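One structure is given below, encoded as structure tokens.
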Amino acid sequence: MDDRPNDDRTFDERFDEWSSCVGPARLLLLHPLRSALSAESPFDIHRIRWAMEPLTWLIERAAVSGIPADELGTSREFTAIGNARFGWNPQPETLDGERGFSEIDALHSLARDIGAIERAGGRDTITWAGRVLLGNPLRLWRVAARTPTSTGGFFAAQCELVFASLLQQVDLDEDEAGNRLGRAVIEAAGGEDNLDRVDETGVPRGEAVVQLVAIGMQMTRTLGTALRMFDEAHRPAEARPWLNDVGRATA
């Protein structure tokens, strides 16, 4: 199947049609990227293959032996194997000692979202769509690049905000992300008063939003690492990651 647009409209015509229905907040975020998004840059298939190696490996494991996983993610043993293979840090732990969100978990969640794997008992196995994607690295990359911001919900909105900001080379920290997303949450919740209320856990809703933003920021960075979007050169003076060539194209 061809992933190219199936119409002959110009980019400006498609952008104008799209921007008429995305809402003012999203348009304000993405409109500065209009010229960058319209630039047609050739894809380096070798770099795309390199970026997709971790996701390809995970889908292949689903085809060969299945991926041991539960509702929290992949097993510790499987995660450790993936971390060792790709040079990632050991799986983090949360403050209460539970499994943290790792690069392997990010790829596992993405593979499920794109329909490449599915649950079969205590393991995830490859689907027909997964086999098709394995045979076409460029198509796999296109699908993987689109999915995190197209599934809807808070995490999708946060991914879009973070990657759009990185594409503009804006140093977007947790506070600024929290402010932007917080305003959207406040509007959706019906105003400031609703965020002052305490939920069933005893945590004020406003504080819960801040916690959710912090978790989402880390998850977004983890996903970017798993998709090999970041410059591997160490920049000790920089708090934010820098997009490499694949990362800019993906974002």
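As the structure is a computational prediction, the values presented were derived from the model and not from experiment.
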Please round to the nearest 0.5 Å and tell me the distance separating atom OG1 of T127 and atom CZ of R112. 12.5 Å
Does atom CZ (R49) have a neighbourhood of more than 12 heavy atoms from anything else shown, all under 6.0 Å? no
Which atom of W88 lies closest to which atom of P54, heavy atoms considered: CH2-CB, 3.6 Å
Find out whether N89 and N83 are in side-chain contact, i.e. whether some heavy atom of one side chain is under 4.5 Å from a heavy atom of the other. no
Working to the nearest 0.5 Å, report the span between OG1 of T222 and CG of L227. 11.0 Å
Find out whether V246 and R228 are in side-chain contact, i.e. whether some heavy atom of one side chain is under 4.5 Å from a heavy atom of the other. no
Within the structure provided, determine whether T74 and L107 are in side-chain contact (heavy-atom separation under 4.5 Å). no
Side chains of M219 and L223 in contact at under 4.5 Å (non-hydrogen atoms): no
Just how far is it from atom CZ of R123 to atom CD of E118, taken to the nearest 0.5 Å? 15.0 Å
Identify the heavy atoms of I104 and L58 that sit nearest to each other, and give their distance. O-CD1, 3.9 Å
Side-chain donor or acceptor of N244 paired with backbone N/O of F230 under 3.5 Å: yes
Taking a hydrophobic cluster as the set of Ile, Leu, Val, Met, Phe, Trp and Tyr residues connected by side-chain heavy atoms closer than 4.5 Å, whether directly or through intermediates, do L134 and V132 fall within one such cluster? no
How many angstroms lie between atom OG1 of T220 and atom CE of M229, to the nearest 0.5 angstrom? 10.0 Å
Heavy atoms only: give me the nearest A129-G115 pair and the separation to one decimal. CB-O, 3.7 Å
Could you tell me if the side chain of D124 sits less than 4.5 Å from the side chain of R119, heavy atoms only? yes
Restricting to pairs with a member in residues 50-73, which pass ring pair (Phe, Tyr, Trp, His ring centres under 6.0 Å), not counting sequence neighbours? W57-F78, W57-F86
Side-chain donor/acceptor of D113 to backbone N/O of L110, under 3.5 Å: no
Can you measure from CH2 (W141) to OG1 (T250) and round to the nearest 0.5 angstrom? 5.0 Å
H108 side, atom NE2; R61 side, atom CZ - distance, nearest 0.5 Å: 14.0 Å
